[in-house]
Amino acid sequence: MTDSLNAVMTPVRTRFAPSPTGFLHVGGARTALFNWLYARKNNGQFVLRIEDTDQVRSTAESAAGILSDLQWLGLNWDFGPVPGAGKNEYFQSTRLDIYNQYLHHLIERGLAYEAYETPQQLAAMRMAAEKAKKPFRYRQNMPGRAAKGEGPCVIRFAMPWEEIQFTDEILGDIRVAGDEHDDIVIRKSDGFPTYHFAVVVDDHLMGITHVLRAQEHLMNTPKHLGLYAALGWVPPRHAHMPLVFNMDNTKMSKRDKAKAARQALQLYARQKNDPAYAALADSLKTDRQAIVDFVAKKNDDTALAALLAAAIGVSLPEIDVQDFRRSGYMADALLNFIALIGWSPGENREILTRAEMLNLFSLESIGKTSGRFDRKKLQWMNGEYIRRSPADSLVLAVRSFCQVKDYPLANADESSLRRILAMYQERMATFGEMAENSRFFFIEPQIDGAAGEKFIVRNQGWRWLAPIHDILSAVAAWDAASLNSAMERIIAMGEKRGEAAQVLRVALAGGAVSPPMLETILLLGRQRTLDRVRRALHQFTPADSSAG
RNA sequence: GCCCUCAUCGUCUAGAGGCCUAGGACACGGGCUUUUCACGCCUGUAACUGGGGUUCGAAUCCCCAUGAGGGCACCA
């Protein structure tokens with residue numbers, strides 16, 4: 001079967017090809033989404049391939065994590081790894097024989113050759129070029145090449161000398177002059193292919209028709225096109241998507257977490273007067289030196305960053321898909337938001353179901369300008385998704401959320417969860433926010449100092465506690481109808497409407513924020529409601545007052 | 001330094017020569033609703049990077065400048 005025939009018979013086949021060196025990044029998720037959309041939109045196929053040619057950095061855990069994140073996002077693949085089943089032929093590390101076969105083919109025809117520079121020699125050559133203000137290009141005919149045996153053997157591809165031109169489906173005409181090329185390494189000294197070689201071989205062998213990837217790969221395309229030509233293959237169409245950055249135009253990376261944690265830690269050290277982090281280290285039972293090193297930027301340990309941030313009560317910026325999941329974002333909301341960076345469905349549409357996205361998606365409607373990741377808008381969008389979701393799917397989503405992050409909410413039975421969801425559906429942006437704010441339903445809260453001062457101590461708010469207790473304890477049946485009239489009386493107490501209700505709120509919730517009191521006391525129940533009112537009464541009523 | 005790409009409100013974007021006194025959304029400001037917080041509703045502020053062309057006419061086409069980003073690994 002010829003290549004052109006193959007292309008005719010397979011309308012569209014895209015792929016997502018992550019390297020398993022960490023968690024799935026939101027940027028990667030976006031690349032996966034666009035490839036998935038394009039394949040599904042055209043009744044094509046979507047391939048998932050694991051590019052584990054870096055023996056040092058690739059891990060099986062990372063690959064497994066990427067699979068599960070893609071599954072959570074609902075981006076299903078037609079060909080690729082089988083979750084939980086170990087490596088198959090969609091892991092590049094299992095395909096060395098295949099790469100070697102084509103490699104020999106190239107060497108035989110003089111299109112690839114051995115090179116023996118040591119890393120030090122290469123570094124020196126680059127430095128010399130930099131000094132001479134000339135770009136460094138490794139070429140087969142250049143003077144001063146190392147002799148056989150001087151260093152480890154790599155295979156380089158002899159790039160053609162002509163200009164390479166291609167039409168990018170998003171950016172249009174791209175051309176790179178012949179003297180810009182250099183002879184890239186295609187097999188490393190450990191016998192593994194480099195990325196450049198493995199992608200070309202696999203994309204061809206797997207019948208990929210469209211390569212949709214981030215713009216950071218744009219300058220790799222001429223190299224790949226050189227390889228396609230040398231191997232006598234018809235290259236796929238290429239489309240390079242605009243990049244996504246932080247709001248401050250820096251690259252979104254795991255280092256952002258370390259950065260945010262460091263800032264919070266410095267603030268903590270000043271506020272708590274714990275400059276050596278001794279108290280913090282003690283409370284965490286961690287090594288004090290590790291914290292000091294971390295703050296001194298000696299490492300970007302994200303696990304430590306997360307631990308420290310949790311300890312001092314700050315949240316780190318979400319970067320990986322997992323982070324968003326743990327913060328309580330819905331997969332569809334995240335996908336919807338991510339799709340809108342660089343792509344516009346037109347007609348002023350923003351919130352789209354997957355079916356609508358598929359309907360409206362096209363490569364032409366992808367823009368050229370890089371975007372910023374605006375978390376505020378994501379939060380708004382997630383809130384919209386939550387408000388629009390039927391109760392049943394929310395229950396499912398929250399249960400899934402509780403699997404990745406432990407909250408007291410996780411212990412809620414079905415009916416309590418549904419009641420809590422009903423209370424919070426209109427007032428939360430993320431499940432994390434609900435889980436945090438609804439803690440007091442499960443655990444008796446400590447009354448927040450500032451809230452206690454403001455609402456109970458000041459203006460003698462405590463004097464409403466006894467009447468509130470009287471009213472509530474006199475309610476015969478703890479149901480909506482009876483409690484509603486009781487609450488009406490409580491709300492009407494005092495000079496300002498709601499003044500006493502706020503005292504009750506602080507007594508029950510431990511802070512100034514909660515769902516409406518009626519629903520709250522209904523769910524809390526008589527016992528816990530009255531207990532907490534009494535507790536506040538004892539805590540806040542001054543000893544010398546003639547309460548009564 | 002060299003190569004490549006991009007350029008509309010603070011942010012994501014609509015806009016493919018006259019429909020633009022530039023539209024939508026988030027954020028922000030004001031108001032209404034309200035027992036807190038949200039939600040909801042109403043409303044306001046806010047942009048075509050600059051300079052040259054082309055044209056009767058330019059946010060839209062061309063050139064230059066400027067700015068931003070990406071790439072220049074035995075990482076992908």
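Quick note on labels: first sequence line is chain A, next is B, and so on, each numbered from 1. Predicted model, so just to flag it, every value in this text is computed and none were measured.
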* To do: Test the Arg49(A)-Trp77(A) pair against the cation-pi criterion, namely NZ or CZ under 6.0 angstrom from the six-membered ring centroid and within 45° of the ring axis.
  => no
* Closest to the Asp54(A) side chain, choosing from rC75(B), rC74(B), rC2(B) -> rC75(B)
* Hey, does Met517(A) reach any base, or is it just sugar-phosphate, or nothing, if we go heavy atoms under 4.0 Å? -> base
* What about Arg372(A), does its side chain sit under 3.5 Å from the base of rC12(B) through a donor-acceptor pair? -> no
* Asked: Think Arg213(A) has a side-chain N or O under 4.0 angstrom from the OP1 or OP2 of rG71(B)?
  -> no
* Asked: Can a side chain N or O of Arg175(A) be found less than 4.0 Å away from OP1 or OP2 on rC3(B)?
  -> no
* Asked: Side-chain donor or acceptor of Lys377(A) under 3.5 Å from a matching atom on the base of rA25(B)?
  -> yes
* What does Arg187(A) touch in the nucleic acid at a heavy-atom separation under 4.0 angstrom: a base, only the sugar-phosphate, or nothing? -> nothing
* Closest heavy-atom contact between Ala333(A) and Asn382(A)? -> CB-OD1, 3.2 Å
* Is Phe373(A) close to Ile338(A) at the side-chain level, that is, under 4.5 Å between some pair of heavy atoms? -> yes
* P-based separation of rG24(B) from rA46(B) [nearest Å] -> 14 Å
* Asked: Which is true for Phe245(A) with a 4.0 Å heavy-atom rule: it touches a base, it touches only sugar-phosphate, or it touches nothing?
  -> sugar-phosphate
